[in-house]
Asks: 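I have a structure here, written as structure tokens, and I will follow up with some questions on it.
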There are 2 protein chains.
Amino acid sequence: MLDATRELLSESGPEAVTHLRVAEASGVARATVYRHWPDRADILVDLLSRSAALHLSPPPPGLPITERVTTLLRTFAATLNGDGGRILAAMIGLAEWDDDVFSALERMTSRGPKSLRDLIAAGISEGSVQTDTDAGLLSDQLIGPIYLRRLLYHDEITDGYIDRLVSTTLGPRLLA
Amino acid sequence: MLDATRELLSESGPEAVTHLRVAEASGVARATVYRHWPDRADILVDLLSRSAALHLSPPPPGLPITERVTTLLRTFAATLNGDGGRILAAMIGLAEWDDDVFSALERMTSRGPKSLRDLIAAGISEGSVQTDTDAGLLSDQLIGPIYLRRLLYHDEITDGYIDRLVSTTLGPRLLA
DNA sequence: CGCACATGATACATTATGTCTCATCTAAGT
DNA sequence: ACTTAGATGAGACATAATGTATCATGTGCG
């Protein structure tokens with residue numbers, strides 16, 4: 001049923017996720033869908049709560065900070081370029097009015113900035129990034145434009161874009 | 001009717017915008033709503049197409065580039081902190097599956113980056129910004145984090161955040 | 001006044017929604 | 001192999017929503 005829900009969501013948007021259509025799409029009786037999720041919104045919240053975080057790539061170990069950040073952002077962008085972008089767009093449109101969806105959104109999107117901040121913090125402590133760097137802000141500056149392109153412009157996020165982003169954002173804060 | 005639609009959208013989200021509820025909320029017969037917008041989505045598309053752009057502030061004239069950018073971003077953030085944030089979130093959630101909403105989204109969000117790029121381009125030509133600056137990318141770097149905070153974190157965008165954003169993003173590219 | 005046009009009110013058929021019952025199936029324990 | 005608890009399928013049912021049609025009323029305008 002959740003597979004069918006994900007399919008419906010990706011194909012036709014959140015409004016298509018109804019008890020009836022989930023039942024039809026998954027070959028299950030309508031009553032069964034009601035038993036699991038009495039409220040229509042519960043189906044979506046359940047699906048979205050189980051959705052994987054937007055990226056999970058463990059930052060590779062000994063490489064220079066620029067490489068590690070670039071790798072992290074690329075796996076992140078790959079998820080956004082795929083199905084993750086649509087799911088994220090749906091969540092943003094729902095989270096404004098549904099606290100449960102917002103919680104799921106927080107869980108889904110918090111891991112990325114966190115590991116990026118950790119990466120930057122590691123760069124500071126190992127002396128490759130300026131000490132007065134605000135890791136949280138720098139993380140926003142790297143991730144924000146990527147979301148912007150995907151969600152507002154519906155543009156694909158290319159490796160070249162990420163390279164330019166990293167070099168102009170992180171570049172000026174690097175120490176020799 | 002469109003006022004009632006806006007109210008419904010802001011209060012209860014896109015799914016609450018139905019012929020019936022618009023009719024009730026605006027004190028109009030249900031048939032009248034059907035006459036104007038035979039399809040449910042038409043109501044929202046019509047409303048969103050008429051929505052003002054996200055910011056309109058004409059950049060003040062002779063001030064230094066940093067001041068002008070900061071002013072622009074502040075009026076932009078003010079709209080996002082208000083009702084514009086919810087409307088934008090709804091549009092992002094709909095634009096993924098509705099081309100008309102996406103067109104409206106483009107019109108709504110294109111003016112901001114454009115005037116920001118123009119501002120940066122002016123800064124380059126008047127010699128206060130480095131000549132190798134990519135105005136489009138710099139614009140994304142300034143606007144992206146603001147969208148990020150509003151849409152994903154549901155955080156208010158403070159003047160202090162914008163100040164830090166401008167100083168760390170635009171600062172390194174300024175010429176004496 | 002007369003006309004074009006939008007609206008209100010209502011009826012109607014169709015579909016969706018939500019709840020209920022009961023027979024059937026399945027997995028697990030005895 | 002038997003029993004039982006729990007889940008499912010199939011369908012009935014009432015209610016609400018949706019979409020269309022009709023006709024009387026109102027309003028602005030030449």
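Labels below follow one simple rule: chain letters A, B, ... track the order of the sequence lines, proteins then strands, and each chain is numbered from 1.
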Asks: Quick one: which of C:dC20, C:dT7, D:dT18 gets closest to the side chain of A:Ala31?
Replies: C:dC20
Asks: Would you call B:Arg111 and B:Asp118 a salt bridge, using N to O less than 4.0 angstrom?
Replies: no
Asks: Using only atom types and a distance under 3.5 Å, with no angle test, would you say the side chain of B:His19 pairs donor to acceptor with the backbone of B:Ile43?
Replies: no
Asks: Which heavy-atom pair separates A:Arg40 from A:Pro14 by the least distance, and what is that distance?
Replies: NH1-O, 3.7 Å
Asks: Between B:Arg86 (side chain) and A:Glu96 (backbone), is there a donor-acceptor pair under 3.5 Å?
Replies: yes
Asks: Any N or O donor-acceptor pair under 3.5 Å from the base of C:dG18 to the side chain of A:Arg30?
Replies: yes
Asks: Within this structure, what is the OH-to-P distance between B:Tyr34 and C:dA6, rounded to whole angstrom?
Replies: 20 Å
Asks: Starting at atom CH2 of A:Trp37, determine the distance to atom P of C:dT19, rounded to an integer number of angstrom.
Replies: 16 Å
Asks: So which one's nearest nucleotide on DNA chain D is more toward 5', B:Arg21 or A:His36?
Replies: A:His36
Asks: Please check this pair: side chain of A:Arg30 against backbone of A:Ala23, looking for a donor-acceptor N/O pair closer than 3.5 Å.
Replies: no
Asks: Separation of B:His19 atom NE2 from D:dA21 atom C1', in whole Å?
Replies: 16 Å
Asks: With a 4.0 Å cutoff (strictly under), does any side-chain N or O of A:Thr32 reach OP1 or OP2 of D:dT8?
Replies: no
Asks: Less than 4.0 Å between a side-chain N and a carboxylate O, is that true for B:Glu7 and B:Arg21?
Replies: no
Asks: Quick one: B:Arg35 CZ to D:dT18 C1', roughly how many Å, whole number?
Replies: 16 Å
Asks: Between the two end axes of the helix from C:dC1-D:dG30 to C:dT30-D:dA1, each built from 5 base pairs, what angle do you get to the nearest 10°?
Replies: 20°
Asks: Check the distance between D:dA7's P and A:Met1's CE and give it to me in whole angstrom.
Replies: 12 Å
Asks: Given C:dA16, D:dT8, D:dT18, which nucleotide is nearest the side-chain atoms of B:Thr18?
Replies: D:dT18
